[in-house]
2 protein chains.
Amino acid sequence: MTSTSRKTEDPATAPSIAGARPTRQRRAVASALQSFDDFRSAQDIHDLLRRSGENVGLSTVYRTLQALADNGDVDMLRTEEGEAIYRRCSTSHHHHLVCRACGRTVEVEGPAVEKWSDSVAAQHGFTDVSHTLEIFGTCPTCA
Amino acid sequence: MTSTSRKTEDPATAPSIAGARPTRQRRAVASALQSFDDFRSAQDIHDLLRRSGENVGLSTVYRTLQALADNGDVDMLRTEEGEAIYRRCSTSHHHHLVCRACGRTVEVEGPAVEKWSDSVAAQHGFTDVSHTLEIFGTCPTCA
DNA sequence: TTCTTCATGAGAATCATTCTCAATGCGATT
DNA sequence: AATCGCATTGAGAATGATTCTCATGAAGAA
């Protein structure tokens, strides 16, 4: 690597990791996340970056995605096969209706579900509660 | 997945695989599943068998558990790390409240959730719908 | 028993993910 | 600009769960 030209970018659009250095790689991952709407695996995102000319190591993609997920800046969920997939996060807590075939995603909210799961957990004395709720199906286009 | 296809099968307590030979190994796995109440990984169950004298290959444990899960004879879910864990199935469709620390499990039902997720999926034209809903927390004993 | 087919298991292969650690980049400070 | 300190990077190795291969073994039928 020879020349490293410094480009001025707008810092507000893409998510950044709190207390971390805004490196080229992290910006690239954050920006890649803005370029699709469905859930993608870390490897998919890595390929995407490579194909778009940005060279970012696979380890770094994993690390960055995890940091973003921990920070609540991206949604992370698991396919039925257990693979982690990521997607840029809209605002609040929500769940997903995901097409098994094409990955198309619809965000859905279920306030009742939230309350229900919290109350069920409380009834049994469980604390520090979290839950996962994802709906998988075949979307009309793929059917 | 709301199908309730009742086939008349063996009335015994331990599940068997439809259209498969009842071998020593499959019986051993099915019986091991009766010996615990929480969720265990395939490898855990393999160890359990080995320690109890039954020699069953790891591949066979995986194959058998998968077949049983496909058949709806055991519950299979994934930890937050994506590892598959299994447990003997009680009767109908239900969800779980699982202790992150000790694995203790409480089965819970949420008829409202079922209806809600089916209707949400239908609203968006999704078919062949399945959903996952698990609650993780810390149980009173472990807190 | 003999035959046909399914099941088993030891180890290799696969696949996602994590780890290692030397080299590099960032930013604050001279 | 030169420099120091430390977070970050990335290539490849390591890990760990799961699946596959295929020669051998067991089950049921004829």
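The structure presented is a predicted model; accordingly, all values stated were derived computationally and were not measured. Chain naming here is simple, since letters A, B, ... match the order of the sequence lines and numbering starts at 1 in each. Heavy atoms only: backbone and side chains are in, while hydrogens, waters and symmetry mates are out.
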According to a strict under-4.0 Å criterion, is B/T60 in side-chain N/O contact with OP1 or OP2 of C/dG9? yes
A/V106 and B/V120: same hydrophobic cluster, using ILVMFWY side-chain contacts below 4.5 Å? yes
Taking only side-chain N and O atoms of A/S41, does any of them lie within less than 4.0 angstrom of OP1 or OP2 on C/dA16? no
Just the rounded figure in Å: distance from C1' of D/dA17 to CZ of B/R78. 10 Å
Phosphate OP1/OP2 of C/dT18: any A/Q66 side-chain N/O under 4.0 Å: yes
Keeping to residues at least two apart or across chains, list the salt bridge (charged side-chain N to carboxylate O under 4.0 Å, His left out) pairs with something in residues 53-68 of chain B. B/R24-B/E54
What's the CG-P distance between B/L68 and C/dA7, to the nearest Å? 13 Å
Between B/H131 and B/H95, how do the two ring planes meet: parallel, tilted or perpendicular, split at 30° and 60°? tilted
Which whole-number value in Å describes the distance from A/R27 CZ to D/dT9 C1'? 14 Å
For the pair made of CG in A/L65 and P in D/dT9, what is the distance, rounded to whole Å? 13 Å
Nearest-Å distance for atom pair CZ/C1', residues A/R63 and D/dT8: 7 Å
Could you state the CD-C1' distance from B/E83 to D/dT15, rounded to the nearest angstrom? 13 Å
Ignoring backbone atoms, test whether B/R50 places a side-chain nitrogen or oxygen under 4.0 Å from the OP1 or OP2 oxygen of C/dG9. no
Would you say B/R88's side chain and B/S31's backbone share a donor-acceptor pair under 3.5 angstrom? no
Does a side-chain N or O of B/T23 approach OP1 or OP2 of C/dT8 to a distance below 4.0 Å, or not? yes
A/L58 CG to C/dC15 C1', straight-line distance once rounded to whole Å: 12 Å
If you find the nucleotide of DNA chain D closest to A/S59 and the one closest to B/A42, which residue's nucleotide is nearer the 5' end? A/S59
Rounded distance (Å) that lies between atom C1' of D/dT8 and atom CG of A/N55: 16 Å
Does any N or O donor sit under 3.5 Å from an N or O acceptor when you compare the side chain of B/R21 with the base of C/dT5? yes
For C/dG9, take OP1 and OP2 only and decide whether either is under 4.0 Å from a side-chain N or O of B/Q25. yes
Using OP1 and OP2 only, check whether a side-chain N or O of B/Y62 sits under 4.0 Å from D/dT19. no
I'd like a table of donor-acceptor pairs (distance under 3.5 Å, sequence neighbours excluded) in which one partner is a side-chain atom from residues 133-143 of chain B, with atom names and distances.
residue, atom, partner, partner atom, Å
B/E134, OE1, B/H96, N, 3.1
B/E134, OE1, B/H96, ND1, 3.3

OP1 or OP2 of C/dG9 under 4.0 Å from side-chain N/O of B/R24: yes
Closer than 4.0 Å, any side-chain N/O of A/R26 to the OP1 or OP2 of D/dT8? yes
